[in-house]
Amino acid sequence: MRSRMSRVLRSDCFWQHHGPVDLTGSLLVATPLLSDPNFGRTVVLVVENEPSGTLGVVLNRPTQVPVSDVLEPWGELTSGPQVMFQGGPVALDSALAVGGVSAPANDEEEPLGWRRISTDRSRGLGLVDLDAPPEVLAAELSSLRIFAGYAGWSAGQLEGEIDEGSWYVVEASPGDPFTGEPARLWRDVLRRQPGDLALLATFPEDPTQN
């Protein structure tokens with residue numbers, strides 16, 4: 001089991017197989033080799049990927065702070081658990097929101113106050129403008145999560161981390177950003193991957209136990 005798991009840890013990731021691509025809307029799943037305490041066993045949704053850098057939010061770090069204590073008008077619209085999530089170590093005093101809507105048809109306008117984060121129009125996942133009146137989006141939102149802070153990488157930084165084996169790049173499922181069980185997300189995302197990558201879902205937090 002140890003030799004097989006070691007092979008998985010060293011195996012090529014999506015990035016290495018396919019070369020540089022637009023990662024917007026994808027998930028970054030921390031590999032067991034990532035020791036940075038800010039990102040250990042995290043799942044990050046990439047919300048912007050430009051030549052100048054990349055921005056994402058950590059999906060599985062809930063806080064104990066109710067959304068209604070910080071952004072009262074949005075509290076009832078957020079998906080459970082209705083708390084702020086720590087989106088990353090950058091700008092913890094700022095808020096960023098991800099919302100799901102019914103995917104508009106090609107000839108329909110997208111909701112005001114909502115910006116798609118994927119070029120795939122069949123996926124209704126986007127950023128929500130928290131300065132907009134909540135009632136403008138209330139009827140459109142099927143799910144909402146609000147993050148304090150974000151994760152950021154300068155030009156070329158994330159690519160280097162992927163190449164050195166810190167992250168797996170996988171496709172996001174529509175419910176990932178709004179899971180009601182964030183503590184299980186790292187394992188759940190890995191478990192649904194094909195082949196040996198699914199084995200990492202059983203990898204112990206303490207590698208000496210393996």
Work out which heavy atom in [X] is nearest to a heavy atom in [Y]; give both atom names and the distance.
X: Phe178; Y: Ser79; answer: CB-OG, 4.1 Å
X: Leu130; Y: Ala97; answer: CD2-CB, 3.7 Å
X: Val98; Y: Pro177; answer: CG1-CB, 4.4 Å
X: Glu171; Y: Leu27; answer: O-CD1, 4.1 Å
X: Gly25; Y: Ala172; answer: O-CB, 3.5 Å
X: Gly180; Y: Pro81; answer: O-CD, 4.0 Å

side-chain hydrogen bond (donor to acceptor under 3.5 Å, both in side chains): which pairs involve residues 138-156, sequence neighbours left out?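 For residues 138-156: Trp153-Glu161, Ser154-Gln157.
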
What distance do [X] atom [atom1] and [Y] atom [atom2] have between them, rounded to the nearest 0.5 Å?
X: Leu125; Y: Arg116; atom1: CG; atom2: CZ; answer: 8.5 Å
X: Asp69; Y: Gln64; atom1: CG; atom2: CD; answer: 12.0 Å
X: Asp188; Y: Asp176; atom1: CG; atom2: CG; answer: 8.5 Å
X: Leu23; Y: Leu158; atom1: CG; atom2: CG; answer: 6.0 Å
X: Ile162; Y: Glu164; atom1: CD1; atom2: CD; answer: 10.0 Å
X: Gln82; Y: Ile146; atom1: CD; atom2: CD1; answer: 10.0 Å

Flag the pair [X] / [Y] as yes when at least one side-chain heavy-atom distance between them is below 4.5 Å, and no otherwise.
X: Leu200; Y: Tyr168; answer: yes
X: Val29; Y: Trp186; answer: yes
X: Phe39; Y: Ser166; answer: no
X: Phe147; Y: Leu59; answer: yes
X: Thr78; Y: Leu144; answer: yes
X: Leu141; Y: Trp74; answer: yes
X: Ser173; Y: Arg192; answer: yes
X: Val170; Y: Gln193; answer: yes

Heavy-atom count check: over 12 atoms from other residues, nucleotides or ligands less than 6.0 Å from [X] [atom1]?
X: Glu135; atom1: CD; result: yes
X: Arg191; atom1: CZ; result: yes
X: Leu92; atom1: CG; result: yes

Backbone of [Y] reached by a side-chain donor or acceptor of [X] within 3.5 Å:
X: Asn60; Y: Ala183; result: no
X: Glu72; Y: Ser68; result: no
X: Thr31; Y: Gly165; result: yes
X: Trp114; Y: Val101; result: no
X: Thr42; Y: Val44; result: no
X: Arg61; Y: Asn38; result: yes

Yes or no on side-chain contact (heavy atoms from CB on, under 4.5 Å) for Glu48 and Glu50, after CA distance, side-chain angles and deciding distance?
CA-CA 6 Å; Glu48 186 175 286; Glu50 302 288 346; 3.8 Å; yes

Exercise. Going through the distances and angles, do Leu55 and Val90 end up as a side-chain contact (heavy atoms from CB on, under 4.5 Å)?
Worked result: CA-CA 10 Å; Leu55 186 150; Val90 182; over 6 Å; no

For the residue pair Thr24 / Asn49, report whether a side-chain donor-acceptor contact shorter than 3.5 Å exists.
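There is no such pair between these side chains.
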
Given the rule in the side-chain contact (heavy atoms from CB on, under 4.5 Å) test, do Leu28 and Thr54 qualify, once you have shown the distances and angles that lead to the verdict?
CA-CA 12 Å; Leu28 305 175; Thr54 302; 5.6 Å; no

- Evaluate side-chain contact (heavy atoms from CB on, under 4.5 Å) for Phe85 paired with Thr63, printing each intermediate quantity in order. CA-CA 5 Å; Phe85 277 61; Thr63 73; 5.8 Å; no

